[in-house]
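Only one structure is covered here, and it is reproduced in the block below.
Note on naming: letters A, B, ... go to the chains in the order of the sequence lines (proteins, then strands), and numbering restarts at 1 for each one. Side chains are part of it too, since the values below use all heavy atoms of this structure and drop only hydrogens, waters and symmetry mates. What you are looking at is a predicted structure, and each value in this text was computed from that prediction instead of being measured.
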Amino acid sequence: MMRNSDIASVLFELAEIMDLKGDVFKRNAYRKAAQSIEDLDVEVSDYMSKGKLESIPGVGKAIARKIEELVQTGGLRSLEELRAEFPAGIMEMMKVPDVGPRTAVTLYRELGVSDLEGLRKAAEGHRIRSLKGFGVKREENILRGIELVQGHAGRMLLGHALPIAEAVVRHLRSGGMDEVSVAGSLRRWKDTVGDIDLLVGSDNPGAAMDLFTSYELVAAVISKGPTRSTVRLVDGTQVDLRAVPRSSYGAALQYFTGSKEHNVVMRRRAIQQGYRLNEYGLFRRGSGEMVAGGDEDDIYRLLGLEPIPPELREDRGEIDAAERQRLPELVREEDILGDFHVHTVLSDGKATMREVVAEAVRRGYRYIGITDHSSSLHIAHGLQADDLLASVEEARQLSEELGFPILRGAEVDIMEDGSLDYSQDILEQLDYVIGSVHSHLKMGREEMTERILTALSCKELNILGHPSGRLIGRREPYQVDMDRILEEAARTGALLEVNASLERMDLNDIGCRKAKELGAKVVLGTDSHWIEELDYMRFAVHTARRGWLEREDVVNTMPVEKVREIFRKRSA
DNA sequence: GCCGTTTTCGGCCCGACTGTTTTCAGTCG
C-alpha cells in the first residue's frame with residue numbers, strides 16, 4: 001500500500017535530482033507537488049480512482065502519470081534511471097556549507113568524488129584547487145565545512161541559542177544601536193536553530209558591522225561586508241548580522257524572520273496585488289514607489305492581512321487565517337499564573353520547596369505545583385510513599401505560612417504495564433498527578449499505545465508528562481499512536497504537558513496544534529531542577545504559540561480555584 | 001513540470017557575499 005507520505009518522498013527525491021540536473025523550476029514543481037500531497041487529508045488513491053489527480057495543487061499531467069505508475073507498480077522506472085546517474089552520496093556532500101548542487105556535480109564529474117569521505121580526501125590531496133572555477137580558498141572552505149558537518153555542529157537548542165543572541169543584542173545596544181532585533185528561526189521560537197540571525201536598523205551600517213565583529217566573544221570573522229557579516233563565537237556558534245536603513249527596518253524584520261516558506265507566499269501575494277516585496281520595503285510595481293518599510297505590521301496590513309505573529313510564520317495556514325481576520329489570539333507570557341512541573345531537593349532537584357515558592361512569588365505567579373519523582377525512579381531519588389505524604393503536609397504548612405497556594409503533586413512513573421507507581425490511596429492525597437514514561441522506552445507501537453491508554457484510564461492521573469518522550473538530537477519519540485492518546489485525553493479530560501526542558505520541548509508545536517484540534521487542553525511545565533530553570537516557562541509559552549494555542553487552551557492561565565476544579569473533575 | 005485578474009507561452013521570490021572571475025556563477029538565507 002502506497003501512503004501519501006511514500007508518494008511525497010518519491011517526489012521530494014525527484015526534486016533533489018532536478019536540483020543536481022540544474023533545473024530549479026522542475027525542482028520547485030516536484031517540491032510543490034510533494035508538499036501538497038504530504039499535506040493532503042485524503043488518500044491519493046481516492047483522487048486517483050476518481051480520475052482527479054490533477055486537481056491536487058501542483059500536480060499536472062506528468063506528475064499524475066508518475067503517481068499512477070507508483071501506485072500501480074510500487075516503483076518508478078524514470079527514477080531508477082536518474083538514481084543511476086547520480087550516486088546517493090552526492091546529497092550528503094551538499095550538506096557541507098558552500099557545496100551546492102553545481103559544485104557537488106562538478107566534483108563528481110571531474111574528480112569522481114561521490115560521498116563525504118571522498119570529498120575530504122580530494123580536498124586533503126589538493127585536487128580541488130586546480131579545477132576551473134575553484135581555488136585554494138574554496139578548497140580550504142570545503143575542508144572546514146566537512147569538519148563542521150561531521151562534528152555534528154548541526155542545530156542548536158532554542159534555549160542555548162537565545163541567551164547568546166540576547167547577549168549580542170545587548171552588546172549592539174550598548175554600542176548605540178537602538179533598532180536591534182533577533183530574527184530568523186530564533187524569533188519564531190523554533191525548538192532548534194541552525195544559526196543566530198540578528199538585524200540592525202541603522203543609517204550607519206558600517207559602524208554596526210564594526211561593532212558586531214569587535215564583540216569580545218567573536219573567535220573568527222567568517223565574512224564581513226558593508227551591510228552583512230557573519231562571525232563564529234568562541235563556543236562555535238555562528239551569528240549573522242544584517243544592517244538596513246531605518247526606513248527599511250520593518251521590511252527587513254519581516255524578511256529575515258522567515259520562514260522561507262512563509263516569505264515565498266508573501267512575495268507571491270505581493271506580486272499578485274501589484275507590488276514587489278523585498279527586505280527594503282513594499283514597492284508599487286511600475287512606479288517603484290515605496291509604500292511600506294519602516295514598520296513590519298504595515299507590510300501585512302497593506303497586503304490585506306492581519307499582522308502575523310512570528311511564531312506562526314511557517315506557511316501552515318496562517319496567511320489564510322490572517323486574510324480572513326481569523327488569527328488565533330495567542331497565549332502570552334504574562335497570562336501565565338503558575339508552573340506545574342517542579343522538582344525539589346526531595347528527589348533530584350537542587351532547590352528546597354521554600355526556595356521554589358519564593359521564586360514563584362518573585363515571578364508574580366499566583367500558585368506553584370511541586371512534583372517530585374516517584375519511588376521506582378531510583379536514579380532520581382524517587383520518593384517513597386511515606387516521604388511523599390510527609391511532604392504533602394510540609395507543603396500544606398508552608399502554604400499556610402506564606403499565604404501562597406502550593407499544589408502538591410508528583411511526577412509518577414507509568415510502569416511497563418501502564419499502572420502508576422503509587423497506590424490509589426496515596427495518589428488520592430495529592431492535588432494532582434503527572435504520569436510520565438521513563439522506562440522501557442523501546443516498546444512496540446501497539447504495546448506503548450496500550451500502556452499509555454491504560455495509564456490515562458486511571459482517574460488520578462491528571463497530566464500526561466512529556467507525551468512523546470523525545471530528546472532533541474539524542475532520542476527519537478517513543479513508537480506510539482499519538483492521535484489515539486490525544487483523542488483519549490480529550491475525551492476523558494486528561495491534560496497534556498508542554499514540557500519546557502530544553503531538549504524535550506514536548507509536546508512540540510505540531511503536537512500542541514494537534515491536541516487543540518482534537519479538543520485536549522495543555523499545561524505548561526518547566527520540569528525545573530533548580531531555581532533558574534523556572535525561567536524556561538517562556539519556551540513552553542512560545543511553543544504553545546507555535547501550536548496556535550490561546551489562553552483557554554492552557555490551564556496555566558487559569559486562577560487556582562479553576563485549576564483545582566479541573567483536577568477534581570478528572571478524579572471524580 | 002506547472003500554471004493563468006497582464007499570459008496556453010513564458011514566466012516561476014529576491015538580494016548579498018565570496019571566490020573566482022574581468023562580468024559572474026554559485027550559495028545562502
So, is A:Tyr280 near the phosphate of B:dA16, with a side-chain N or O under 4.0 Å from OP1 or OP2?
yes

With the side chain of A:Ser223 defined as its heavy atoms from C-beta on, choose the nearest nucleotide among B:dA16, B:dT27, B:dT18.
B:dT18

How far, in whole Å, is B:dT21 from B:dA25 if one measures between their P atoms?
14 Å

Testing B:dC2, B:dC13, B:dC17 for proximity to the side chain of A:Arg268, the answer is B:dC13

For the side chain of A:Ile271, starting at C-beta, report the closest nucleotide among B:dC14, B:dC17, B:dT20.
B:dC14

Between A:Phe256 (CZ) and B:dA16 (P), how many Å, whole number?
9 Å

Side-chain atoms of A:Asp197 come closest, of B:dG29, B:dC28, B:dC13, to B:dG29

Nearest whole angstrom, please: distance from the P of B:dC28 to the NZ of A:Lys95.
13 Å

Nearest of B:dT27, B:dA16, B:dG1 to any side-chain atom of A:Tyr30?
B:dG1

Counting side-chain heavy atoms from C-beta on, which of B:dC28, B:dC13, B:dG26 comes nearest to A:Thr103?
B:dG26

Please determine, for the side chain of A:Lys66, which listed nucleotide (B:dC13, B:dG1, B:dT6) has the closest atom?
B:dG1

I'd like the C1' distance from B:dT7 over to B:dC12, given in whole Å.
13 Å

Starting at the 5' end of DNA chain B and moving along, which residue's nearest nucleotide shows up first, A:Val59 or A:Lys132?
A:Val59

Any side-chain N or O of A:Asn28 less than 4.0 Å from the OP1 or OP2 oxygen of B:dC2?
no

Do any side-chain nitrogens or oxygens of A:Thr230 fall under 4.0 Å of OP1 or OP2 in B:dC17?
no

Rounded to the Å, how far apart are A:Gln35 CD and B:dG1 P?
20 Å

Would you mind reading off the distance between A:Leu20 atom CG and B:dT27 atom C1', rounded to a whole angstrom?
15 Å

OP1 or OP2 of B:dC13 versus the side-chain N and O atoms of A:Arg285: is any pair under 4.0 Å?
no

Output yes when at least one side-chain N/O atom of A:Asn278 is less than 4.0 Å from OP1 or OP2 of B:dG15, else no.
yes

What is the distance, rounded to the nearest whole Å, between atom CE of A:Met94 and atom C1' of B:dG26?
12 Å

Does the structure show a Watson-Crick or G-U wobble partner for B:dT8, both distances under 3.5 Å? Name it, or say none.
none

Can you tell me the distance, in whole Å, between the CG atom of A:Leu11 and the C1' atom of B:dC2?
13 Å

Among the candidates B:dG26, B:dC2, B:dA16, find the nucleotide nearest to the side-chain atoms of A:Arg102.
B:dG26

Can you tell which of A:Glu311, A:Glu314, A:Glu261 makes a salt bridge (Lys or Arg N to Asp or Glu O under 4.0 Å) with A:Arg188?
A:Glu314

How close or far is atom C1' of B:dC28 from atom OH of A:Tyr255, stated in whole angstroms?
10 Å

Please tell me which of the listed nucleotides, B:dC28, B:dC2, B:dG19, lies nearest to the side chain of A:Asp98?
B:dC28

Does a donor on one side chain and an acceptor on the other come within less than 3.5 Å for A:Ser202 and A:Asn204?
no

To the nearest Å, how far apart are A:Asp240 CG and B:dG15 P?
19 Å

